[in-house]
Every structure is written in structure tokens, then in C-alpha cells.
Amino acid sequence: ANEMLERTSELAKVGGWEYDLISETHYWTKETYRIHELEPSLEPSLAMGLNHFAPEAQPVLEAAVQKAIMYDTPYDLELPLTTEKGRSIWVRTQGFPVYDKGKVVKLRGAFQDITERKQAEERLQESEDNYSKLFNSSRDGYVINKGNGELLNPNPAFIKMLGYNEEELTRISWRDITPKKWLDWELDNHGTQLVDLGYTELYEKEYIRKDGTVFPVEVQAFRLDDSNNLKDMRIASFVRDITQRKQSEVGHIALEDKLRQSQKLEAIGTMAGGIAHDFNNILQVQLLHAEIVQRQLPDKSKFRNNIQHIINAGNHARELVKNIQAFSRQSELTSVPVKIQNVLSETLDMLRSIFPASIQIDASIDMGVGSVIGDPTQIQQIIMNLCNNASQAIGNSSGILTVSLREFTPSRKPDNPKAYSQTTRMLELIVRDTGIGMSAEVVSRVFDPFFTTKQVGEGTGLGLSVIHGI
């Protein structure tokens, strides 16, 4: 029987022991010796067994043994132990009272090396701790979706992203936080990729916050089970709020468009400036000779009127050249302190007498704003061109043209702290109208020279491009 017990103990890697309270003798199986890394020839004792346990474990085991003897209470403990060769291991030790005539006469038990299991448990616990830290500290959202749309186990980032608390999220569905335009698309995307691959490629969609605002997100989903039916599947989704990225992309595109527009205008301006310079020289010669011919003609000559038409056309062409030179920044400037409020008031008074009565001009001008350094004629040209555009946008209908002027100090943006000093004072001139507005295509070309939406002969297409040049 002892041989069979030893063989069984060796195969199961579970040692056995016995302590006779009457004779105070001990018995250990070979497996128990092997776990302690002791020679089987040594006589076992209670002290020898107890001393191999870690110091903090010894009083725990002593108390359990005493309780088993005195109160017939079995024990089952997992304790650290140091082998005879100095290895630190974990063991499971069990003890059971043996009775004779109602009295405890022996203790028997099992002894097992559980180091591998303990190490696995520690690794598992470490993994769980790392997952918990990642789950709670991640800036990306995480949530589990059931096939019926139920949301489970959302992490703090997902909760914050949506604006609900955890309890509220468990009461709503995936459909409640997804705009309608995305529902069928996402179901189709999940149906093809999750079933076939077990995961989806990274994709973009939108979510709806508790307050109703819609925001863009980037999502990747993974199947958590072996189900091939989307309705029964459990899906883990990683979600990233990409609002700032989208805003940056829009700003980057706008900046690129602005740069392209600036480069295009600069190229056109250089070409236009060269043409205007040569054209102006030709005009000077034509006008000079036309005036000489006119002076030499008799007062009653029928050709004087024809020559006058030539001179008028030349003067008109000269004004056009001035506009082209202003656009190309080649005209001579007079930079002096200018009170824009005064120029604006005078120009609006003049425009009220020119514009039709169906156009109401409302002005909100802060007469106390500071001066700017500029050319008074160019400033008036800016006002005239803006107001003329507004008037033409209103057309023959009744409408309101609103002009405002104010002083302000721009706030510095965090991404461009050197854009303006915090003490910079600026003037803001706004011209608004109640006209038909402009399409996106017109807006994209609004500063192109010679571009106009008017009929042939109604405009030069230089109004806003001249403003841009100034």
C-alpha cells in the first residue's frame, strides 16, 4: 500500500505526510522530500518542516496545526517556502485530523508545489492591472457592442466623449449615438469585414453626444467571439475623437488655397503691371497727339468732336491703367496718418446721393477710433468698391447696405503667439448687404482680376482685385 501511495504521489506530484501525536513521529512521502529538496534518508520532524516556510508564514501554519489538534479543524493553506537548496517556491499544504475513540491521534495531509500556478496567477494579475490602467487612462474610447446594439463596459474616455454617465450608456443603443446617415453603412461595413476577417479596417464616422452635437470619430472594431451572425456577435470598438484633426485639415486646406490664390495673384499682378506700364506710355503718346490735333483744328471743325471722343476714351483707359497698377502695387503711394472714420462718412454721404432710393444705407461708425497710416485715395477706393459691389448685389430690389467701423485688440492664438502683440490696436471695416450673395465657385475666384459676373460692358472685374492689391 505504501509503495502504491508513493507511486501515486510521484505521478500526481502531490506529496503526503503524517504526524502521530501519540508517538510524536513523522512520515513524509518521497514527493514531499523532493519538494523540500531534502534527502529521503533524513528523519522528518515538525521543526524541520516548519523551518523551511518563510518567516511570515510560520506563525500562520503553527496556528492552523494547533487548531486542527485542539478543535478538529482541517486546514488548507498556500504559503511561501524556501527549499533546502535555497529556492523560493509556493506550496499548498493541507491537514486533516485522524480520530481514535473520538480523540485526535494523528494529522495527515497533502503537500504540493504550486509555484508555476502562483507565477501564472501573478502574470495574470499583472496583465489585468496593466489592462485596467490602459482601460482607465487611455485617451481613446473603448466599448463593447452586442448584436442588438446594447453598449457594454465603456471606458472613461468613451463616457467623457459622449457626455453620458456609465449607467445612461447601458440604457441606450448604438443606434442612439449614431446619425441616421451612418447606420446602414456601418452595418454593411461590419457585416462584410467582421464576419470575413474578424476585424474592420480603420474607418471614419460620426457620433451624437448627449447634448445633441455631432462630432467625427475614427473607429476600428474587433469580433470577440466565433459567431458569424452579426445579430449575435459581441464587438469591441476602439474610438478616437478626431474633431481637432478635422479642424486642422480644414485650416490646412484653407491655408493652401490662400497661398495658391496669393501666388496666382502675384503672378498676374507682375504681368499686369508690366502691361500697364507699356500701355500707359502708349496712351501718353496718343493723348498728347490727340490734344495737339484738337488745338490745331478750327473751333467749328466737325472733327473736333471726334478728337474729343478719342481723348475721353484715352482718359478712361488711363483710369483703367491706374486700377491695374493699384492691383499690381506699382502705383505711387502717399502714406500719411488717415482718419478712416472721416473718409468713410464723406464717402457714404456721396453714395447716398448716387445710389437708388431703394437701397438703405445704415452706418455704425465709431468716430473715436485712432488713425492708420495709409493713402487716403486708396482707402476711399476700397470703400467705394466694396459699396458698389454691395449695391450691384442688391440690384433693382429693395435692400439694406450696412457699414461698420470699430477699433479692437485681437487676441493671440495659442498656435501663433507671434501673430500680433497683445497691445496691437486694429480697425475693422465691415460692409454687408442683403443681396443675392455668391456661390462657392464665385467666392473661389472673387479676387481674380477681370473676373466678373456682370454682363459685358457692365464692369471691368477689377473692383475686388484692386482692393486685394491695396
Ionic contact status for [Y] with [X], cut-off 4.0 Å:
{"X": "E166", "Y": "R171", "value": "no"}
{"X": "D140", "Y": "R240", "value": "yes"}
{"X": "D113", "Y": "K13", "value": "no"}
{"X": "D241", "Y": "R209", "value": "yes"}
{"X": "K85", "Y": "E37", "value": "no"}

Among L230, D225, T200, V143, which residue satisfies the side-chain contact (heavy atoms from CB on, under 4.5 Å) criterion with I235?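 With I235 as partner, side-chain contact (heavy atoms from CB on, under 4.5 Å) holds for just one option, L230.
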Run the side-chain contact (heavy atoms from CB on, under 4.5 Å) test on I379 and V372 for me, step by step, so that the C-alpha distance in whole Å, both residues' side-chain angles and the decisive distance to 0.1 Å come before the verdict. CA-CA 10 Å; I379 290 173; V372 298; 4.3 Å; yes
Would R425 count as a cation-pi partner of F408, with NZ or CZ less than 6.0 Å from the six-membered ring centre and within 45° of the ring normal?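 The answer is no, since R425 fails at least one limit relative to F408.
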Quick one: salt bridge (Lys or Arg N to Asp or Glu O under 4.0 Å) pairs with a partner in residues 176-203, sequence neighbours left out? K181-E206, E186-K205
Contact list for residues 52-62, test side chain to side chain donor-acceptor pair (under 3.5 Å), sequence neighbours left out: H52-E84
Taking the side chain as C-beta and beyond, is there a heavy-atom pair between V403 and S364 under 4.5 Å? no
Roughly how far apart are [X] [atom1] and [Y] [atom2], rounded to 0.5 Å?
{"X": "H36", "Y": "N51", "atom1": "NE2", "atom2": "CG", "result": "10.0 Å"}
{"X": "F135", "Y": "E128", "atom1": "CZ", "atom2": "CD", "result": "13.5 Å"}
{"X": "N388", "Y": "Q381", "atom1": "CG", "atom2": "CD", "result": "10.5 Å"}

Apply side-chain contact (heavy atoms from CB on, under 4.5 Å) to I89 and T83, showing your working. CA-CA 7 Å; I89 63 173; T83 69; 3.8 Å; yes
Before you tell me yes or no, could you show the steps for L202 and V219 under side-chain contact (heavy atoms from CB on, under 4.5 Å), namely the whole-Å CA-CA distance, both residues' side-chain angles and the distance that decides it to 0.1 Å? CA-CA 6 Å; L202 207 61; V219 182; over 6 Å; no
Not counting sequence neighbours, which residues clear side-chain hydrogen bond (donor to acceptor under 3.5 Å, both in side chains) with R117? List them please.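 Listed in chain order: E78, E121.
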Pair Y203 + W185: ring centers closer than 6.0 Å: yes
Under 6.0 Å between ring centres, would you say that holds for F158 and Y142?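 Ring-ring flag for F158/Y142: false, centres at least 6.0 Å apart.
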Residue N396 excluded, over 12 heavy atoms near CG under 6.0 Å: no
Hey, mind stepping through L427 and R406 against side-chain contact (heavy atoms from CB on, under 4.5 Å) and telling me if it holds? CA-CA 6 Å; L427 297 185; R406 73 181 182 102; over 6 Å; no
